[in-house]
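Data block below; observations after.
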Number of protein chains: 2
Amino acid sequence: MTMKNNPHINKALDVLKKSPLKLTTQRTRLIEILFKNGDQHFTAEDVYKEVNKYRYKISLATIYNCLNQFTKHEILKSVRLSGDKVYFDTNTERHHHFFCKSTEKLSDIKSSDVKISNLPKIPRGKKLESVEVVVNITD
Amino acid sequence: MTMKNNPHINKALDVLKKSPLKLTTQRTRLIEILFKNGDQHFTAEDVYKEVNKYRYKISLATIYNCLNQFTKHEILKSVRLSGDKVYFDTNTERHHHFFCKSTEKLSDIKSSDVKISNLPKIPRGKKLESVEVVVNITD
DNA sequence: TCTTAAATTAGAATAATTCTAATTTAATCT
DNA sequence: AGATTAAATTAGAATTATTCTAATTTAAGA
Ligand SMILES: [Mn+2]
Ligand SMILES: [Mn+2]
Ligand SMILES: [Zn+2]
Ligand SMILES: [Zn+2]
């Protein structure tokens, strides 16, 4: 009875099932672990450590493969910011972040909570892709 | 008569002279090259390639050392964003950026050109360090 | 000119991520 | 169910940006 019917997990598993990706043991296990507590931010290394606390082991290569595939299929979102590591985010909506330089942890800022005005026009010939706001904080 | 009295170069050299850093041939040369065209954004590797087009060679280790020291002494500013490489910026004022994912080039957005309102309050116990806006664009 | 702390350098080390190529497995097809 | 095969998993090697090490050189002051 290990935490059945968690809506975050089920939603992510549904997206996986509707994608062309195969439903493997590793992918199912990863989704169960990553989504069990709702919105989270983590690096590949975080996931590797967390996953391998359990009896079932997953290789680091597979963790990278899965996180990247999940991102491509919008089960996760990747967040790249100051620092060398890529963060993955269970929140795939458009939103912004606090980043604490002391703890190296991200937290969400709802897109609707920030109003950006007066943005200069996009350079000629280019098109807008996204606007990312990072609010850096410290302890 | 190699481009004497360029105000950008002179300003940067002045900051260097007022700092505790020694005035070496390599540092002077770097400042002459980096500041000759006003505001620029570049990676260490960019600088390495550019510098070594001239007869006077500077090692990659020295380029990293200098760029980092310059940043510490506010001759340059570092900009870290999506992607693995650190960018250095001759504009040390607070400002924001366009980042073109196709060309991997940065361009400036004046801080005063962007109005950010409704930012949620900083998490308890933390203090604000900076707000960075990156407008991602493509060709 | 002498002294010495700081700077430069080549090359080794590191760290996050991707790649390679061998093996296993999920899903489909008799 | 058993056979087939493209996709997935994996260990370990490779890659890339950056930092470190330790030997040598140099700037700046006495
Ligand atoms: Mn969240
Ligand atoms: Mn600029
Ligand atoms: Zn988030
Ligand atoms: Zn800039």
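Computed from a prediction, not measured in an experiment: that's the story for all the values here. A, B, ... follow the sequence lines: proteins, then strands. Residue 1 opens every chain. Note: hydrogens, waters and symmetry copies are ignored here, and every other heavy atom, side chains too, is used.
The local environment of NZ in B:K121 is sparse, with at most 12 non-hydrogen atoms from other residues, nucleotides or ligands closer than 6.0 Å.
Counting only residues at least two apart or in different chains, salt bridge (Lys or Arg N to Asp or Glu O under 4.0 Å) contacts with residues 14-28 of chain A are absent. Pairs engaging residues 64-85 of chain A under the salt bridge (Lys or Arg N to Asp or Glu O under 4.0 Å) rule: A:K85-A:E104 [sequence neighbours left out].
B:K53 is linked by a side chain to side chain donor-acceptor pair (under 3.5 Å) to B:E50, counting only residues two or more places apart in sequence or in another chain. Under the side-chain contact (heavy atoms from CB on, under 4.5 Å) criterion, A:N118 pairs with no residue, sequence neighbours left out. Looking at residues two or more places apart in sequence or on another chain, you find a ring pair (Phe, Tyr, Trp, His ring centres under 6.0 Å) between A:H97 and A:H41, A:H95.
With rounding to whole Å, B:Y48 atom OH is found 15 Å from C:dT8 atom P. Rounding to whole angstrom units, CG of residue A:L60 and P of C:dT18 are separated by 11 Å. Distance, A:K85 NZ to C:dA15 P: 11 Å, rounded to whole Å.
Under 4.0 angstrom from either OP1 or OP2 of C:dT8 there lies no side-chain N or O belonging to B:T62.
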Please list every donor-acceptor pair under 3.5 Å in which a side-chain atom of residues 129-139 of chain B meets a protein atom from a residue at least two apart or in another chain.
from	atom 1	to	atom 2	distance (Å)
B:S130	OG	A:N136	OD1	3.2
B:N136	OD1	A:S130	OG	3.2
B:T138	OG1	A:K127	NZ	3.3
B:D139	OD1	A:K126	NZ	2.8

Only distances under 3.5 Å count here; give the side-chain donor-acceptor pairs of residues 57-65 of chain B to other protein atoms, sequence neighbours excluded, each with its distance to 0.1 Å.
from	atom 1	to	atom 2	distance (Å)
B:K57	NZ	B:N52	O	2.6
B:K57	NZ	B:Y54	O	3.4
B:S59	OG	B:T62	N	3.1
B:S59	OG	B:T62	OG1	3.0
B:N65	ND2	B:A61	O	3.3

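A heavy-atom distance below 4.0 Å to DNA chain D is reached by these residues of residues 63-79 of chain B, ordered by number: B:Y64, B:N68.
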**Letter per nucleotide, 5' to 3', of nucleotides 23-30 of chain C [B base touched, S only sugar-phosphate touched, - untouched; heavy atoms, 4.0 Å]** = ---BS---
